[in-house]
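The structure appears below as structure tokens.
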Amino acid sequence: MIAAVRDRLIVGLDLPAVADAEAMVDTLGDTVSFYKIGYRLVFAGGLDLARRLKAAGKSVFLDMKLLDIDNTVAQGVQSVAAMGVDMLTVHAYPKAMAAAAAAAQGSHLTLLAVTVLTSMDDHDLSDAGYHDNAAGLVLKRARQARDAGMGGIVCSAAEAEPVRDVVGPGMAIVTPGIRPAGSAAGDQKRVVTPAQAMAAGATHLVVARPIIAAPDPAGAAAAILDEMAAAAEG
């Protein structure tokens, strides 16, 4: 049953150097098939690593959270699509999403709309000038992402169920802020367990520190996959 959920666990390679990331991939071996590469690693040479991971048969999620003028977003998406990676994040602003979706047409790249970062709560949004609370803004942006033709949503698993009601059955729902029971939340404010995320309708779970900082990363990943498989069976 674990094989059925293996491609739904995305391990965040939130590490300082490509050599560290490559060592982690080696440590995880066949346990993990999907990796996320974000700013930290991209700026350390992670784009070449993304290409190598794809050549090795892994799936790759580039977490770049694009937001710029329409033409720049479109050109960035075209370059990423040409790399052959699987997922790319774009901030859920309507014009940026529309430009990204148009640029990705004809490729297999899944564009993910970042709704509200899981490190932010209602107070943080108020400080940033938003009038909506986190839950309301997530749903507003989910509707806009659906209308723009995006392939999926990034949101807290706490919001996954109402987001699914908004976007329908066809879009991916990718949930960061996943913490197995008993683990520290770190800088995340809206966190849930793997089983809770699966029950809420998440299609993919992003996990970094609980795996890559564990004494036995492969064992930690296997335990999360076990929990995901049990939830899927239930």
Side-chain angles (χ1 to χ4, degrees), residues 1-15 21-22 24-38 41-42 46-47 49-64 80-81 83-90 104 107-114 118 145 150-157 160-161 163-164 167-180 192-212 214 216-234:
M1 184 62 185
I2 287 179
V5 296
R6 183 174 286 114
D7 62 354
R8 299 175 65 179
L9 172 63
I10 304 175
V11 173
L13 292 174
D14 298 340
L15 294 160
E22 289 176 327
M24 181 57 61
V25 171
D26 288 343
T27 296
L28 293 171
D30 292 336
T31 305
V32 173
S33 64
F34 210 148
Y35 289 98
K36 178 180 78 72
I37 296 176
L41 199 55
V42 162
L47 293 181
L49 173 63
R51 295 183 178 95
R52 291 196 294 274
L53 288 172
K54 287 299 301 179
K58 303 293 187 180
S59 297
V60 175
F61 165 17
L62 279 186
D63 188 17
M64 300 305 297
V80 172
M83 290 176 61
V85 300
D86 302 275
M87 289 179 168
L88 171 70
T89 44
V90 178
S107 75
H108 87 281
L109 179 64
T110 297
L111 293 172
L112 303 174
V114 178
T118 52
M150 297 289 281
I153 303 293
V154 179
C155 65
S156 165
E161 189 170 356
V163 164
R164 178 61 71 199
V167 302
M171 293 176 68
I173 296 180
V174 179
T175 56
I178 302 297
R179 294 291 185 269
V192 299
T193 67
Q196 289 170 332
M198 295 284 288
T203 59
H204 298 80
L205 280 58
V206 179
V207 184
R209 276 169 286 187
I211 292 175
I212 66 174
D216 175 11
I224 290 171
L225 285 167
D226 282 339
E227 185 175 346
M228 291 170 65
E233 288 178 340

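- Val206 places none of its side-chain heavy atoms less than 4.5 Å from the side chain of Val154.
- Distance check: Leu47 CG to Leu62 CG gives 6.5 Å after rounding to the nearest 0.5 Å.
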Would you check, one step at a time, whether the test side chain to side chain contact (heavy atoms under 4.5 Å, CB included) holds for Met87 with Leu109?
-> CA-CA 6 Å; Met87 289 179 168; Leu109 179 64; 5.5 Å; no

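- Annotation: side chain of Ile224 is in contact with side chain of Pro180 (closest heavy-atom distance under 4.5 Å).
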After noting the C-alpha distance and the side-chain angles of Leu15 and Ile212, does the key distance pass the side chain to side chain contact (heavy atoms under 4.5 Å, CB included) rule?
-> CA-CA 9 Å; Leu15 294 160; Ile212 66 174; 4.0 Å; yes

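- Counting only distance, with no hydrogens or angles, the side chain of Arg164 and the backbone of Ala202 share no donor-acceptor pair below 3.5 Å.
- A heavy-atom distance below 4.5 Å is not found between the side chains of Thr193 and Ile178.
- Between the side chains of Asp7 and Ser33, not a single donor N or O lies within less than 3.5 Å of an accepting N or O.
- Residues Asp86 and Lys54 are paired through a salt bridge, judged by an N-O separation under 4.0 Å between the basic side chain and the carboxylate.
- For the pair Leu49 and Val60, the minimum side-chain heavy-atom distance is 4.5 Å or more.
- Between Ile153 and Ala145, the shortest heavy-atom contact is CD1-CB, 3.5 Å.
- No side-chain donor-acceptor contact under 3.5 Å links Thr110 to the backbone of Gly151.
- Residues passing the side chain to side chain contact (heavy atoms under 4.5 Å, CB included) test with Ala200, sequence neighbours excluded: Ala160.
- Atom CG of Leu88 and atom CE of Met83 lie 10.0 Å apart (nearest 0.5 Å).
- Judged by distance alone, with hydrogens and angles left aside, the side-chain atoms of Arg8 form a donor-acceptor pair with the main-chain N or O of Thr203 at under 3.5 Å.
- Counting heavy atoms from C-beta outward, Leu205 and Met198 have side chains that approach closer than 4.5 Å.
- Under a 3.5 Å cut-off, the side chain of Arg51 and the backbone N or O of Ala55 do not form any donor-acceptor pair.
- Side-chain atoms of Phe61 and Phe34, non-hydrogen and from C-beta on, do get closer than 4.5 Å to each other.
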Going through the distances and angles, do Val192 and Arg179 end up as a side chain to side chain contact (heavy atoms under 4.5 Å, CB included)?
-> CA-CA 6 Å; Val192 299; Arg179 294 291 185 269; over 6 Å; no

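- No donor-acceptor distance shorter than 3.5 angstrom exists from the side chain of Arg209 to the backbone of Gly12, with no hydrogens or angles considered.
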